[in-house]
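Hydrogens, waters and symmetry mates play no part in the numbers below; they use all other heavy atoms, side chains included. Atoms within each ligand, like the ligands themselves, are counted from 1 in listed order.
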Amino acid sequence: MPEVSDVSEMLVVSDEVREALDRNRPVVALESTITAHGLPRPRNLQVAEELEELVRAGGAVPATIAVLEGRPRIGLDKAQLAQVAGESGLRKLGHRDLAPAVAAGASGATTVSATAFLAARAGIRVFATGGLGGVHREWAQTQDESADLHLLAKVRIAVVCAGVKSVLDVPATLQRLETLGVGVLGFRTTEFPGFYLSSSGEPVDWTAGSAAEVAGVLRAQDALGGPPSALIVANPVPAAEQLDPALHDRVLTQALAACASEGVTGQAVTPFLLDYLVRNTDGASLEANVAAVRGNVRLAAGIATAYAA
Ligand code: PSU
Ligand code: MN
């Protein structure tokens with residue numbers, strides 16, 4: 001077991017990401033749970049590679065994050081990305097799972113909570129994902145609320161997302177974010193996006209019209225100081241690429257029923273629901289999901305570039 005005394009020895013930051021951070025060049029963190037557990041194979045690897053290319057096309061350096069053989073890695077090479085996409089039984093690691101995974105020498109994909117934590121530790125200010133975890137609809141019975149929310153109340157990072165997955169209780173999730181003090185900024189929208197859908201129907205208090213405006217909010221957060229918290233940049237999937245709302249509502253109702261009748265609980269709930277939607281919308285939910293993530297990654301590269309300028 002290596003002796004690990006500080007964060008720079010614990011985190012393995014790729015040379016490319018390290019150099020970009022040292023030179024104050026734009027970097028965008030990407031999570032790996034969406035690749036390992038959120039998208040079907042083999043499409044997942046294609047999407048993971050495409051997302052990194054989109055970050056580069058936007059003038060920033062991609063830093064996909066995962067834990068491999070007990071080492072938290074910030075920036076993966078091609079073989080490591082393929083390992084995340086292809087290794088069967090790869091664990092799903094939230095923030096609380098990081099220490100046990102490191103100690104055990106285990107590998108795992110990082111959720112939003114674990115990715116945001118590691119990215120912030122490495123000094124990365126902007127992170128792109130699909131949809132955040134949040135409060136599940138059966139919360140009153142299960143108390144299932146994603147650890148994403150609590151962690152985002154504690155780290156200073158911008159998370160560009162298409163809202164929270166529509167399998168969740170969206171109003172309850174927005175309420176929790178308010179209680180936890182996590183800022184929410186609609187990007188060119190006054191309504192919180194609905195992940196597969198362009199709108200959840202819920203209002204947002206603040207709207208930004210450009211990446212430069214979002215970067216201004218990040219600078220204001222930095223200047224205000226105080227206890228860190230995230231900023232959620234809620235970026236809707238383009239209307240032309242959203243899932244048909246009627247199909248969405250119908251299949252989602254079935255998915256929630258199947259989840260309950262099959263007794264799926266805990267960490268397995270989110271992957272189960274996402275997979276059910278893919279299989280029962282003939283792949284349409286997958287296309288909407290990928291479209292949403294693409295848009296988020298492009299925007300994140302723009303924000304990181306404006307912030308570094
Ligand atoms: N968004 C997606 N696909 C995903 C997830 C989000 O489009 O697979 C993942 C994220 O990693 C998020 C996690 O952090 O689901 C939340 O899982 P849970 O609800 O178990 O906290
Ligand atoms: Mn959960």
Do any nitrogen or oxygen atoms of [X] come within less than 3.5 Å of a nitrogen or oxygen of ligand 1?
{"X": "T110", "result": "no"}
{"X": "G131", "result": "yes"}
{"X": "H37", "result": "no"}
{"X": "T129", "result": "no"}
{"X": "S113", "result": "no"}

Counting heavy atoms only, which part of [X] comes closer than 4.0 Å to ligand 1: side chain, backbone, both or neither?
{"X": "N289", "answer": "side chain"}
{"X": "L274", "answer": "side chain"}
{"X": "V112", "answer": "both"}
{"X": "I34", "answer": "both"}

Counting N and O atoms only, with roles assigned by atom type, does the side chain of [X] sit under 3.5 Å from a partner on the main chain of [Y], one being a donor and the other an acceptor?
{"X": "N44", "Y": "T35", "answer": "yes"}
{"X": "S113", "Y": "H95", "answer": "yes"}
{"X": "S14", "Y": "L76", "answer": "no"}
{"X": "T207", "Y": "T189", "answer": "yes"}

Taking only heavy atoms of [X] into account, list the atoms of ligand 1 that are under 4.0 Å away from them.
{"X": "E31", "value": "6 (C), 10 (C), 11 (O)"}
{"X": "D148", "value": "12 (C), 14 (O), 16 (C)"}
{"X": "H136", "value": "19 (O)"}
{"X": "T111", "value": "11 (O), 14 (O)"}
{"X": "K92", "value": "17 (O), 18 (P), 20 (O)"}
{"X": "G38", "value": "8 (O)"}

Atom of [X], atom of [Y] and distance for their closest heavy-atom approach:
{"X": "V67", "Y": "A106", "answer": "CG1-O, 3.5 Å"}
{"X": "A291", "Y": "V237", "answer": "CB-CG2, 4.0 Å"}
{"X": "D169", "Y": "R137", "answer": "N-CG, 3.8 Å"}
{"X": "S107", "Y": "E69", "answer": "OG-N, 2.8 Å"}

Considering only the protein, which heavy-atom contact is closest to atom 19 (O) of ligand 1, and what is its distance? T270 OG1, 2.7 Å

Looking at Q267, E145, H95, K165, the heavy atom closest to atom 5 (C) of ligand 1 belongs to K165

For the Mn ion (ligand 2), check which protein N, O or S atoms are under 2.8 Å away and list them. D144 OD1

Under a 4.5 Å cut-off applied to non-hydrogen side-chain atoms, are V126 and V27 in contact? no

Nearest 0.5 Å please: distance from the CG atom of L218 over to the CZ atom of R156. 10.0 Å

Do S166 and H248 get their side chains close enough for a donor-acceptor pair, meaning under 3.5 Å? yes

Can you see whether S199 engages E191 through a side-chain donor-acceptor pair at a distance of less than 3.5 angstrom? yes

SB check K78 E49 (cutoff 4.0 Å): yes

